[in-house]
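First up is the structure itself, then whatever we jot down about it.
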Amino acid sequence: MSGSSFRFLGVAALVLSLAGCTPSSRKGANRNPSPQAVAPALPAAAAQNAQSPAAAKSQANTAQQQRVQQLIANVEKAYSAGEASYRKGKLPEAKAEFDRAVDLMLTSPIDIKSDPQLQDEFDRIVDAVNALEMEALKQGNGFAPAVEPSPADVASDVTFAVDPNLVAKARADLATTKSDLPLVMNDYVAAYINFFANTQRGHNTLLHSFERAGRYKAMIQRVMSEEGVPQDLIYLAVAESGFQPRAVNPHSGAGGMWQFMPHGDYGLIRNGYMDERFDPEKSTRAYARYMKFLYDQLGDWYLSMAAYDWGAGNVQRAVQKTGYADFWELYKRNNLPGETKNYVPEILAAIIIANHPTQYGFDEITLDPPVLTDTVTVNYSVDLRLVSDLVDAPVDELMALNPSLLRFTTPRDVAFDLHLPAGTAALFDQRIAAIPEDKRDAWRYHRVTPDDTMDSVARSFHVQVAELAAANHLNEDESLAGIEALVVPVPPAAAPSSRSMLYTTRRGDTLVSIADRFGVSLAQLRNWNHLTGIKVAPGRRLHVGEPARIARAHSAHRRTSSRGAALRDPAPSAKTKRGSAAASATSRAAKSTGSGSAKKSRKRKHSSSASSTASK
């Protein structure tokens with residue numbers, strides 16, 4: 001039998017088997033069928049068409065699973081990086097990676113609860129992070145970094161032996177020190193130079209303060225020049241905060257780089273949305289103007305520094321009591337509290353060391369790079385999550401660039417200078433134009449990916465397909481091919497009333513999910529409710545907005561001392577408010593004496609967790 005016969009029989013057998021019959025069961029059948037009967041094309045095509053919807057659904061499920069797997073892989077990568085940093089003792093880095101792992105899931109367009117695998121991953125990551133934080137809390141402050149005290153804090157209440165050789169060296173250096181403040185060298189200043197140069201704690205604290213100054217030095221110098229005050233007044237930030245713009249005194253509430261009190265009129269706005277004490281540039285301008293105000297009152301920069309710490313009224317009374325308008329005379333005659341005695345010498349020591357760093361062992365100073373931003377002024381409420389979508393920057397980076405912002409949204413009907421990553425202002429303006437102004441506190445912006453459909457995007461953001469299509473002037477079944485991005489009409493979260501600022505937790509809630517639901521940061525939620533970690537028991541009532549604080553009248557004995565201080569004198573303003581003891585002399589005090597200080601004793605622990613934090 002020829003090879004062609006074998007091929008023919010094989011094909012015939014295959015056809016018969018596909019028809020459900022064997023050759024033996026087809027009695028009488030034509031054993032030599034025509035070639036046209038071998039491949040029934042039409043039935044095969046019909047079967048293929050009948051399976052198309054199932055195949056399409058299978059492909060969609062496969063694409064969804066691929067996205068889930070990719071998301072889980074990214075989450076695991078972030079968590080592993082955080083765990084590695086944790087094991088090395090790098091807690092701030094660990095926290096950042098853990099937060100990123102959680103945020104990747106919370107901000108993903110994939111609904112966590114709709115995918116069991118993703119829900120399991122979320123629960124596992126949250127539990128693992130919580131366990132590590134509990135472990136860290138047993139050893140210290142959890143993931144919160146041990147906020148570095150200012151150089152003034154570490155040097156308080158310490159007696160230093162004066163080295164005659166160091167005094168002679170410092171006096172020689174003073175001759176070549178360039179400063180727009182009148183510098184002096186005496187035993188008091190030399191004692192602080194010795195502490196900062198020759199003790200590990202003093203050296204490291206001042207070193208880190210100098211390094212952080214690099215972030216804001218150019219800005220501070222510009223503002224000082226514009227306001228007409230000496231450039232070297234920058235070094236008061238060494239004593240006040242160590243150049244940490246989110247530093248907060250947990251006892252007095254003084255906050256920001258220049259440690260302004262939360263009450264008082266310094267030209268800084270403080271409301272439920274923002275606190276400009278934490279805005280580096282605006283607080284610096286308020287500080288420069290206030291120092292100029294003090295100098296106009298006292299006529300001496302050393303006395304002005306003392307007044308910044310103790311209050312102008314207190315300094316003026318000490319001058320009147322002794323007859324000496326000289327800081328060093330007041331120092332020697334014990335007419336100043338201990339904190340204020342130390343305040344001026346330590347600032348002078350920092351100025352001298354900054355001008356001669358290598359001579360005092362600071363040859364390893366590497367300035368932090370300056371904070372560079374684009375700034376756009378917005379007169380509407382915009383959610384930082386939308387801003388994140390528009391400029392392709394993480395929300396936590398935007399919070400860090402806007403430390404004065406207390407919520408995830410900018411204030412409504414009030415101008416706000418929104419700081420963006422450098423080079424993104426044009427992109428922000430271009431993309432936000434597609435979103436109606438009154439929707440910018442809720443709507444989102446979604447970059448279209450090849451696998452996206454109208455239905456998948458709508459599901460991701462929990463909106464109706466019809467609403468998504470209408471917002472983008474598309475048909476509900478329209479392909480997204482060739483479309484770069486969609487605006488997503490997410491409904492605004494209901495603004496809590498004064499009675500609904502409390503939320504009762506439910507099973508499955510975590511502090512992370514609650515913070516995301518109410519548009520506040522994790523740090524804020526923890527701070528308002530005095531909590532740590534991530535887990536929270538069901539049935540607990542939590543503040544989900546800043547708790548109201550009751551204003552109390554200030555008592556007549558509200559004065560500063562080395563252990564406590566009152567309100568720092570505000571610059572002259574019609575809005576100036578005083579405590580009850582000074583109510584009868586408000587305008588006179590605002591123009592002449594004043595009696596307070598904006599911060600309490602520096603014998604404190606700074607906290608860097610200003611309400612925004614920042615952070616999420």
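From a predicted model like this one, the values you see are computed outputs, not experimental measurements. Index from 1, following the sequence.
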Q: Starting at OG1 of T409, measure out to CZ of F416 and round the result to the nearest 0.5 Å.
A: 10.0 Å
Q: Could you tell me whether D383 and R440 have a side-chain N and a carboxylate O separated by less than 4.0 Å?
A: no
**Q.** Minimum heavy-atom distance T453-L480, with the two atoms named
**A.** C-CD1, 3.5 Å
Q) Are R124 and Y79 in a cation-pi setup, meaning NZ or CZ lies under 6.0 angstrom from the ring centre and within 45 degrees of the ring axis? A) yes
Q: Would you mind reporting whether L420 and L401 have side-chain heavy atoms less than 4.5 Å apart?
A: no
**Q.** L531 side, atom CG; H543 side, atom NE2 - distance, nearest 0.5 Å
**A.** 10.5 Å
Q: Give a yes/no verdict on a cation-pi contact between R407 and Y273, requiring under 6.0 Å between NZ or CZ and the six-membered ring centre and an angle within 45° of the axis.
A: yes
Q: Could you give me the CA-CA distance, side-chain angles and deciding distance for M274 and D279, then say whether side-chain contact (heavy atoms from CB on, under 4.5 Å) is met?
A: CA-CA 9 Å; M274 60 182 175; D279 185 294; over 6 Å; no
Q. What are the two closest non-hydrogen atoms of P489 and V463, and how far apart are they?
A. O-CG1, 3.7 Å
Q.
Given 3.5 Å as the limit, does a donor-acceptor pair link the side chain of N74 with the main chain of L71, or not?
A. no
**Q.** Distance (rounded to the nearest 0.5 Å) between T366 OG1 and F210 CZ
**A.** 13.5 Å
Q: Could you grab the distance from atom OG of S283 to atom CD of E240, nearest 0.5 Å is fine?
A: 11.0 Å
**Q.** Derivation of the salt bridge (Lys or Arg N to Asp or Glu O under 4.0 Å) call for D389 and R447
**A.** CA-CA 8 Å; D389 296 339; R447 298 285 298 279; over 6 Å; no
Q | Parallel, tilted or perpendicular, as decided by the 30° and 60° cut-offs, for the rings of H446 and F461 | A | perpendicular
Q | Side chain proximity check, Q117 to I72, heavy atoms < 4.5 angstrom | A | yes
Q: Indicate yes or no: at least one non-hydrogen side-chain atom of E211 is less than 4.5 angstrom from one of L207.
A: yes
Q | Check: V465 main-chain N/O paired with D455 side-chain donor or acceptor under 3.5 Å | A | no
Q.
To the closest 0.5 Å, what do you measure between CZ (R412) and CG (D438)?
A. 8.0 Å
Q) Got a salt bridge between R270 and D275, using NZ or NE/NH1/NH2 to carboxylate O under 4.0 Å? A) yes
Q.
Testing the basics here: between A481 and S479, what is the closest heavy-atom pair and its distance to 0.1 Å?
A. N-OG, 3.1 Å
Q. So, W258 and S241: side-chain donor and acceptor under 3.5 Å apart, yes or no?
A. no
Q | Evaluation steps, side-chain contact (heavy atoms from CB on, under 4.5 Å), between H419 and D374 | A | CA-CA 6 Å; H419 303 298; D374 283 357; over 6 Å; no
Q | Minimum-distance pair of heavy atoms, taken over all atoms of G214 and L367 | A | CA-CB, 4.0 Å
Q) Is R246 positioned over the aromatic face of F278, cation under 6.0 angstrom from the ring centre and no more than 45 degrees off axis? A) no
Q | D417/K282 ion pair, N-O < 4.0 Å | A | yes
**Q.** Student check: side-chain heavy atoms of L511 and L542 closer than 4.5 Å
**A.** yes
Q. When you measure from the centre of the six-membered ring of Y445, is the NZ or CZ of R431 under 6.0 Å away and within 45° of the axis?
A. no
**Q.** P280 side chain reached by P403 side chain, heavy atoms, under 4.5 Å
**A.** yes
**Q.** Smallest separation among heavy atoms of R541 and N529, with atom names
**A.** O-OD1, 4.4 Å
Q: Determine whether more than 12 heavy atoms belonging to other residues, nucleotides or ligands lie under 6.0 Å from atom CD of Q464.
A: no
Q: Would you please test R215 and D368 for salt bridge (Lys or Arg N to Asp or Glu O under 4.0 Å) and show each step?
A: CA-CA 6 Å; R215 304 175 194 173; D368 288 351; 2.9 Å; yes
Q. Could you give the distance from CE (M257) to CZ (R277), rounded to the nearest 0.5 Å?
A. 14.0 Å
**Q.** E121 and E76: CA distance, side-chain angles, deciding distance, side-chain contact (heavy atoms from CB on, under 4.5 Å) verdict
**A.** CA-CA 9 Å; E121 176 73 3; E76 287 292 335; 2.5 Å; yes
**Q.** P421 to V391 - nearest heavy-atom pair and separation
**A.** CD-CG2, 4.4 Å
